[in-house]
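Okay, structure first, notes after.
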Amino acid sequence: MALNFSAENHILSDPKSWFGIEEISRKEENCTFLYISYFDRIVLLWVLKSNGDTLFRSSEVVDDKTLIAEKAFDLNSFFDQDLRGFGILPAHKCEDRSLSETMPISLHDQSEADLRGEETPETTRRLNLCSKLIITPVADLLTEPEIVIVPERSLYRVPFSALRDKSDGIYISETHRIRIVPSLTTLRLIQDCPADFHSEVGAVVVGDPKVGKVYYMGGERTFVPLHCARKEAEMIGELLGVQPLLGERAKKQEVLQAMNSVSLIHIAAHGNAERGEIALSPSLATNTIPEEDDYLLRISDVSQVKLRAKLVVLSCCHSGRGEIKAEGVIGIARAFLASGARSVLVTLWAIEDEATEKFMRRFYRHLVDGDSVSECLHQAMKWLRSNGFPKVSQWAPFMLIGDNVTFDVKKQRKEEIDCEGQQ
């Protein structure tokens, strides 16, 4: 995967190329696979059942007015639009964890912030069209409690958990767990990993790295502290029983060294919306202004680490973004999968600080209780919707990519305590 994560083979519409798919689907219990492709004005949908049955359906945009309203010529230009850009979210509700060059340095000057939070009428309309094209045609076939979605190209821009079943009007994430895989090739490689390949213990929790004044994109820039990211990391560290790496302790080299032997990685920091870079504390201890290589965690850095993590949580702005290619988004999340991680939880946009804190607390509480990652995501989103955060922009940006895993946190804590006692 590390050699080929940017050029994986997708399944094709030719049935002869579907060799081995039945075996892959049978290994996933209580799951329905939904493979989605599109061209011109047609969406192609394959539903793969765990018993090996494959059903095909399609949907089509037949009304020119629909595309005109979305300022699109075809579905390619429609899905290329940033469905995750929900307009402007006030700075007092959301600290900026992005590395976008368009973002001002000061949080107090973010009147022109892009790629931020609130729904707009246009966003609601686009989500309704996505629901009509993707979910409605196959809603009666999605009978298992979990849906594993295999998108292509710009479909990664779609927040699938926010799509609705037209028959009852409720979000599919109300009744189903949602998981994304870049391709069935990726899932097969994960399934074929030896049972002892991934670590069962250990966690690295990174929060609010002290970046300070650095060179970025050809000029000097000073990154502001992320107080909510620090609180998030402290809260998660307490739940997991580990000491988080905060501020100056979150140095690039130290984080890279710590990542290769643990079962869980959580990073709450500034993230680049386009290239997937994450800003950590500079490794240099000199008085010179750090260069990008000194503090930026890039795709190339992650690709060189042999990970054994079962889960990576990237609590950075737009961590699910990247370059759109035929096989989907090539970004920092894909690099973690390619380097050995079984699953990655990413965000599709920036959300309110309070909603993020509530989500992460619920997510990790379920994880500590032994629930699977997809169940943790499902329950955390449901809790947000029912407890004061009903807007799509508040609960729907989280996307789970890869395998569905579980943790024995109590066993992990016991082993860490025993290890400390021996020392």
Side-chain angles (χ1 to χ4, degrees), residues 34 36 66 69-70 72 78-98 113-136 139 142 147 149 151 154-180 273 313-321 329 345-363 374 376-401:
L34 176 59
I36 314 169
T66 299
E70 304 303 335
F78 170 68
F79 289 125
D80 271 345
Q81 297 179 37
D82 203 330
L83 295 177
R84 297 169 295 186
F86 279 78
I88 308 299
L89 185 65
H92 70 277
K93 289 187 177 182
C94 177
E95 67 183 4
D96 176 30
R97 299 186 190 182
S98 79
D114 62 350
L115 300 175
R116 306 294 292 274
E118 298 283 355
E119 296 102 310
T120 64
E122 291 76 15
T123 302
T124 301
R125 189 178 65 239
R126 290 172 185 173
L127 289 176
N128 288 339
L129 179 57
C130 288
S131 299
K132 180 180 178 180
L133 292 171
I134 296 171
I135 300 301
T136 300
L142 305 177
I147 306 172
I149 300 175
S154 296
L155 286 169
Y156 280 83
R157 297 180 182 275
V158 178
F160 292 100
S161 61
L163 303 188
R164 299 174 183 264
D165 179 356
K166 188 177 180 180
S167 63
D168 52 25
I170 66 174
Y171 297 110
I172 59 169
S173 55
E174 286 276 8
T175 54
H176 296 80
R177 302 187 298 271
I178 308 295
R179 181 157 50 101
I180 309 298
V313 179
L314 299 177
S315 186
C316 313
C317 282
H318 330 295
S319 57
R321 297 173 63 86
V329 173
L345 182 67
V346 299
T347 60
L348 298 178
W349 57 77
I351 69 170
E352 297 176 17
D353 298 324
E354 185 180 1
T356 304
E357 189 275 333
K358 299 292 187 184
F359 171 86
M360 290 299 176
R361 186 178 294 276
R362 284 282 160 178
F363 177 87
S374 68
C376 295
L377 174 62
H378 177 65
Q379 293 297 335
M381 286 196 294
K382 286 186 66 174
W383 189 92
L384 282 180
R385 284 193 297 263
S386 302
N387 290 272
F389 302 94
K391 297 179 181 179
V392 169
S393 60
Q394 295 171 316
W395 60 263
F398 305 99
M399 177 183 286
L400 178 62
I401 306 174

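Just the heavy atoms: all of them, side chains too, but no hydrogens, waters or symmetry mates, feed the values below. Given the structure is predicted, the values throughout are model-derived calculations rather than measurements.
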Study note, to complete from the structure: Taken to the nearest 0.5 Å, the spacing of Ile149 CD1 from Tyr156 OH works out to 10.5 Å
Study note, to complete from the structure: Taken to the nearest 0.5 Å, the spacing of Ser161 OG from Ile147 CD1 works out to 11.0 Å
Exercise for review: Answer whether the closest heavy-atom distance between the side chains of Phe78 and Leu129 falls below 4.5 Å.
Suggested key: yes
**Study point:** Which atom of Thr356 lies closest to which atom of Ser315, heavy atoms considered
**Key:** CG2-OG, 4.3 Å
Check your understanding: Checking side chain to side chain contact (heavy atoms under 4.5 Å, CB included) for the pair Phe160/Leu34: CA distance, chi angles, key distance, verdict?
Key -> CA-CA 11 Å; Phe160 292 100; Leu34 176 59; over 6 Å; no
Review point. Do Leu384 and Lys358 touch side chain to side chain, with heavy atoms closer than 4.5 Å?
Key: yes
Point to revise | Asp165 and Leu142, any side-chain heavy atoms less than 4.5 Å apart | key: no
**Study point:** Nearest-0.5 Å distance that lies between atom CZ in Phe359 and atom CZ in Phe389
**Key:** 12.5 Å
Review point. In a check of side chain to side chain contact (heavy atoms under 4.5 Å, CB included) between Arg164 and each of Ser173, Ser131, Cys130, which one passes?
Key: Ser131
Check your understanding: Parallel, tilted or perpendicular: which describes the rings of Tyr171 and Trp395, with under 30° parallel and over 60° perpendicular?
Key -> perpendicular
**Study point:** Interatomic distance, Leu127 atom CG to Ile134 atom CD1 [nearest 0.5 angstrom]
**Key:** 10.0 Å
Exercise for review: Check whether any side-chain heavy atom of Ile178 lies under 4.5 Å from a side-chain heavy atom of Met381, and answer yes or no.
Suggested key: no
Review point. Rounded to the nearest 0.5 Å, what separation is found between the CG atom of Leu314 and the CD1 atom of Ile401?
Key: 9.0 Å
**Study point:** Partners meeting side-chain contact (heavy atoms from CB on, under 4.5 Å) with Lys132 (sequence neighbours left out)
**Key:** none
**Study point:** Name of the residue among His378, Arg385, Lys382 meeting side chain to side chain donor-acceptor pair (under 3.5 Å) with Glu174
**Key:** Arg385
Review point. Once you round to the nearest 0.5 Å, how far does CD1 of Ile135 lie from CG of Leu163?
Key: 5.0 Å
**Study point:** Verdict with reasoning, Val158 to Ile36, per side chain to side chain contact (heavy atoms under 4.5 Å, CB included)
**Key:** CA-CA 12 Å; Val158 178; Ile36 314 169; over 6 Å; no
